[in-house]
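Data block below; observations after.
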Amino acid sequence: MTIAVIDYGMGNLHSVAKALEHVTHEHVVVTRDPRRIQGATRVVLPGQGAIRDCMGELERTELRGVVLELIANQSKPLLGVCVGQQMLLEHSEENDGIECLNFMPGKVRRFADNLRDASGERLKVPHMGWNRVVQRHAHPLWEGIEDGARFYFVHSYYVDAADDSSVFGTTEYGGVHAHVAVGRGSVFAVQFHPEKSAGDGLRLLENFVNWAP
Amino acid sequence: MGLAKRIIPCLDVDAGRVVKGVNFIGIRDAGDPVEIAKRYNQQGADEITFLDITASHQNRGTTVDMVERIAGEVFIPLTVGGGIRTCDDIRTMLNAGADKVSINTAAVTNPDFVREAADRFGSQCIVVAIDAKRVSADGETPRWEIFTHGGRKPTGLDAVEWARTMVEYGAGELLLTSMDRDGTKAGFDIGVTRAIVDAVGVPVIASGGVGTLDHLVAGVKEGGADAVLAASIFHFGEYSIPDAKRYMQEHGIEMRL
């Protein structure tokens with residue numbers, strides 16, 4: 001029983017690994033070895049920084065094919081986090097347009113710079129801090145987590161999935177309802193950082209560890 | 001209903017101990033940063049900032065060890081500042097479990113470092129600390145300058161211009177401390193907070209001078225800050241984090257309760 005956190009050089013892998021270790025006795029490895037990833041029981045795809053760099057590093061470390069195979073085969077649970085969620089879509093607006101892994105239809109868009117809240121205060125980009133996640137559909141990963149619970153976000157781009165049945169959670173910011181939790185089959189992916197979202201974040205990771213899709 | 005404003009308790013750490021005094025009921029070893037971070041986490045702090053105030057070379061190992069221990073037990077964002085001068089320093093802190101680093105003096109002496117750091121690690125983990133002091137006389141148009149070395153050394157840099165420059169260079173967040181107010185308990189310098197909040201598009205953390213819960217409310221409602229940072233009002237047990245959050249919520253500020 002091993003959980004592999006894919007290390008392609010982008011993302012705060014230690015935080016994810018430490019949080020997983022906190023909720024499970026399963027072995028957690030941070031690795032870029034394709035055999036260890038393929039041999040793991042579950043896989044986490046993190047990601048941080050610019051999507052061009054994330055896609056580029058995934059390519060350079062020859063892990064793009066490994067990830068594509070995992071999500072196509074649906075052989076084991078995979079959790080995408082932050083840019084690890086965004087990469088599952090078709091295309092991102094970031095860095096003048098980047099083709100992504102195309103696991104689910106839809107795009108990654110930028111929050112506009114002129115968003116305002118109800119009181120007229122200008123909203124900042126990145127969207128940084130604790131915001132509510134509305135659960136659009138039930139999912140085993142929401143088990144024990146209240147609808148509307150707050151999770152920690154830091155991002156300037158957000159997922160806009162084309163297929164409503166793949167959207168499991170949304171978060172409102174400046175009138176935009178970002179698709180912050182998406183999934184299909186054995187894949188679930190979130191824009192927020194469960195590893196930094198205190199009790200509810202740890203619960204989501206625990207649910208992932210217990211998930212048998 | 002949307003994004004909550006954040007409360008960030010700050011741990012000023014010297015040689016592995018929290019200074020400025022901490023007095024939690026029921027905690028004997030009050031100076032241990034790991035215990036204190038855990039306590040703030042249990043109370044519902046939205047983030048924690050760890051400031052290595054001596055940042056001497058020989059303390060580096062202790063700091064890294066502390067950050068590792070906090071990150072292994074506290075699952076909320078952790079910012080580490082003090083003595084961050086090179087990309088290697090940043091790499092070390094991120095590997096130890098920090099989510100963001102705060103760059104202060106090195107940003108003034110070498111602004112390109114901020115650009116390099118943001119390029120390499122992403123703006124989301126680069127906080128630039130701005131220590132501002134009012135330099136205009138009463139009655140003049142207010143003007144603030146950047147000071148380094150704990151507010152002793154003027155740089156001649158206009159604080160609002162500097163904030164804009166740092167965001168252009170890739171800062172993902174600004175930690176603004178009023179050197180006039182720091183330690184006074186007289187409240188944030190609302191003027192400089194509002195001026196910088198209006199000048200940049202990234203989140204601003206207000207710091208320096210908190211003495212009452214009304215000061216926290218003013219920082220957000222008048223200053224426009226996205227987050228408020230305080231040390232002593234929480235350390236000495238005058239107010240707890242839940243007290244502060246409830247009070248802010250009662251004053252119409254959306255909080256994570």
Side-chain angles (χ1 to χ4, degrees), chain A residues 10-23 30 47-51 53-54 82-83 111 113-115 117-119 121-132 134 148-156 171-176 193-202 205, chain B residues 1-8 41-42 44-48 67-78 93-100 118-127 167 172-174 197-205 220-221 224-227 252-257:
Chain A
M10 301 298 292
N12 201 341
L13 310 158
H14 300 267
S15 293
V16 181
K18 277 178 172 167
L20 283 166
E21 280 165 359
H22 196 79
V23 299
V30 175
Q48 223 167 48
I51 200 159
D53 299 341
C54 286
C82 197
V83 183
F111 284 117
D113 284 323
N114 56 1
L115 300 178
D117 69 10
S119 67
E121 192 81 50
R122 175 175 166 197
L123 291 174
K124 302 303 176 85
V125 178
H127 169 229
M128 183 189 284
W130 298 79
N131 206 337
R132 291 185 184 279
V134 175
R150 289 185 187 275
F151 290 86
Y152 185 79
F153 289 88
V154 47
H155 63 125
S156 300
T171 290
E172 193 268 337
Y173 191 55
V176 172
H193 290 270
E195 76 281 9
K196 288 290 153 186
S197 296
D200 285 326
L202 293 175
L205 292 177
Chain B
M1 297 296 259
L3 187 66
K5 299 295 179 182
R6 290 169 280 154
I7 291 190
I8 309 176
N41 178 43
Q42 282 159 10
D46 297 310
E47 291 188 31
I48 288 176
V67 171
E68 267 177 5
R69 287 175 52 211
I70 293 173
E73 302 200 50
V74 173
F75 300 100
I76 57 174
L78 174 64
M93 289 309 168
L94 296 181
N95 283 347
D99 300 286
K100 313 181 207 177
D119 273 350
R120 190 144 150 211
F121 303 103
S123 290
Q124 83 288 339
C125 67
I126 305 300
V127 182
V167 172
E173 192 171 30
L174 300 176
V197 163
D198 286 345
V200 299
V202 303
V204 175
I205 305 164
V220 172
K221 291 190 97 166
D226 301 278
I253 299 170
E254 186 158 357
M255 303 299 293
R256 164 184 165 252
L257 292 176

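Just so it is clear, the model here is predicted, and its values are computed rather than measured. To find a chain, count down the sequence lines: A is the first, B the second, and so on, and within it residues start at 1. The basis for the numbers below is simple: all heavy atoms, side chains too, and nothing from hydrogens, waters or symmetry mates.
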Aromatic plane relationship, A:Phe111 with A:Tyr173 - under 30° parallel, 30 to 60° tilted, over 60° perpendicular: perpendicular

A:His127 side chain near A:Thr171 side chain, heavy-atom distance below 4.5 Å: yes

Student check: side-chain heavy atoms of B:Ile76 and B:Glu47 closer than 4.5 Å: no

Region of A:Ala198 that comes under 4.5 Å of a non-hydrogen atom in chain B: both

Closest-packed option against chain B by number of heavy-atom pairs under 4.5 Å, given A:His193, A:His155, A:Met128: A:Met128

Interchain contact, B:Glu173 with chain A, by part (heavy-atom threshold 4.5 Å): side chain

Heavy-atom contact with chain A under 4.5 Å, split by part of B:Arg6: side chain

Spatial distance of atom CZ (A:Arg150) from atom OG (A:Ser197) [nearest 0.5 Å]: 11.5 Å

Within-4.5 Å side-chain heavy-atom neighbours: A:Arg122 and A:Leu115: no

Pick from B:Asp46, B:Leu94, B:Asn41, B:Asp119 with the largest number of heavy-atom pairs that fall under 4.5 Å of chain A: B:Asp46

Electrostatic pair A:Lys18-A:Glu195, nearest N-O below 4.0 angstrom: no

A:Asp117 side-chain N/O to A:Gly174 backbone N/O, donor-acceptor pair under 3.5 Å: no

Under 4.5 Å from a heavy atom of chain A, the part of B:Val197 involved: both

Under 4.5 Å from a heavy atom of chain A, the part of B:Ala98 involved: backbone

Side chain, backbone, both or neither of B:Asn95 within contact of chain A (heavy atoms, under 4.5 Å): both

Part of B:Ala227 within contact of chain A (heavy atom distance under 4.5 Å): neither

